[in-house]
Amino acid sequence: DSYNIKIASLGKQNEPEKVYIGNVQKLLKNYLKNSSDNKLKGQVFYNYRCEFFKVLKKIEGNLPETEDVSEQDLNDVNDELSNIGIKAKSSEGMIYLVENNDFGIQKFVPYLGKNWNDFYVIRKSENNELFDDGSLIITKEELRRRIIAWENFLNKYPNFPEQNEIKEKLTCYISTYIRAQYDFSNEDNKLSTDGINSFNNFISQNKDSKIYSVVKKWNKLLKENNYKYSEKLESFSYKNPYEVKKHNKDIFDWFSP
């Protein structure tokens with residue numbers, strides 16, 4: 001309660017967003033260093049992340065619009081925001097902002113429980129963007145590994161505060177892994193060898209996955225169509241066990257930080 005009161009007090013000072021969140025981070029680090037209650041510290045850190053992403057989106061909305069982002073544009077934004085854990089990236093001629101995982105790992109994770117450490121280890125391992133110009137730019141096999149990593153995390157930490165973030169990622173990953181039309185080559189309209197091998201790996205290695213039965217049915221349908229694209233595939237439907245109906249904050253930008 002004392003921490004939240006101090007945060008509210010900082011918010012009333014009408015400082016620029018980057019100054020405000022920088023002061024919050026100093027207060028947070030001091031609190032985490034001096035508290036011994038990992039559960040409470042985890043909740044406080046979760047509350048901080050909610051506020052952090054609100055500020056991130058405000059700063060992003062105030063960035064100057066440009067038709068073509070140059071390397072210097074990105075460097076300028078990063079120079080301005082790196083000290084508060086925000087990283088600038090570009091896609092399709094626009095600058096977007098994400099959380100800098102290294103900042104969180106260095107500043108806060110050493111004072112948190114193992115669950116937060118594992119959370120950031122997985123986030124940091126996702127060092128490749130997911131899409132570019134509407135196409136998947138990582139392999140299906142890497143996407144399979146991301147799905148399983150987050151599933152295992154949720155199994156290990158069922159009460160983790162950031163379940164919504166993880167489930168939102170899983171929602172995107174699963175829908176991309178299954179029924180993605182761009183999986184099929186323009187030349188022969190057939191699923192790539194990587195895609196075929198990845199589905200076989202999923203079936204042989206991930207029987208405990210919540211989407212195992214879905215992947216198995218999808219792979220069976222693909223086999224029946226000789227792994228070629230067909231209108232029959234359009235009729236395939238499934239229920240995503242990780243879909244989040246209500247989000248408590250807007251944090252997922254469809255790219256990996």
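Counting from 1, the numbers follow the sequence of the chain as shown.
A salt bridge between Lys210 and Glu151 is absent, with no side-chain N of the basic residue lying under 4.0 Å from a carboxylate O of the acidic one. A salt bridge does not link Glu142 to Arg145: none of the charged side-chain nitrogens sits closer than 4.0 Å to a carboxylate oxygen. Asp118 and Lys114 are joined by a salt bridge, as a carboxylate oxygen and a charged side-chain nitrogen come within less than 4.0 angstrom of each other. Ion pairing of Arg123 with Glu165 is present here, as a side-chain N (NZ or NE/NH1/NH2) and a carboxylate O approach within less than 4.0 Å. Note on Lys87 versus Glu99: no salt bridge recorded, every NZ/NE/NH1/NH2 to OD/OE distance being 4.0 Å or above.
A donor-acceptor pair is defined here as one N or O able to donate and one able to accept, closer than 3.5 Å; such a pair exists between the side chain of Asp73 and the backbone of Ser70. Of the possible polar contacts, none joining the Ser35 side chain to the Tyr31 backbone as a donor-acceptor pair under 3.5 Å is found. In this structure a side-chain-to-backbone donor-acceptor pair under 3.5 Å is missing from Ser198 to Gly195.
Judged by a 6.0 Å distance limit and a 45° cone about the ring axis, Lys140 is positioned over the six-membered ring of Tyr177.
Tyr157 and Phe153 have tilted rings, their planes meeting at an angle from 30° to 60° on a 0 to 90° scale.
The CG atom of Asn225 sits 11.5 Å away from atom CG of Leu191, with the distance rounded to the nearest 0.5 Å. If you take CD1 on Ile211 and CG on Asn240, they are separated by 8.0 Å, rounding to the nearest 0.5 Å. In this structure, CD1 in Ile86 is found 10.0 Å from CG in Asn78, a value given to the nearest 0.5 Å. Here the OH atom belonging to Tyr48 is positioned 10.0 Å from the CG atom belonging to Leu32, to the nearest 0.5 angstrom.
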Any chance you could lay out the ring pair (Phe, Tyr, Trp, His ring centres under 6.0 Å) test for Phe199 and Phe202, step after step, and finish with the verdict? CA-CA 5 Å; Phe199 286 129; Phe202 202 111; 8.0 Å; no

Given the rule in the ring pair (Phe, Tyr, Trp, His ring centres under 6.0 Å) test, do Phe108 and Trp116 qualify, once you have shown the distances and angles that lead to the verdict? CA-CA 9 Å; Phe108 308 123; Trp116 283 101; over 10 Å; no

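For the residue pair Glu126 and Tyr173, a side-chain donor N or O sits within less than 3.5 Å of a side-chain acceptor on the partner.
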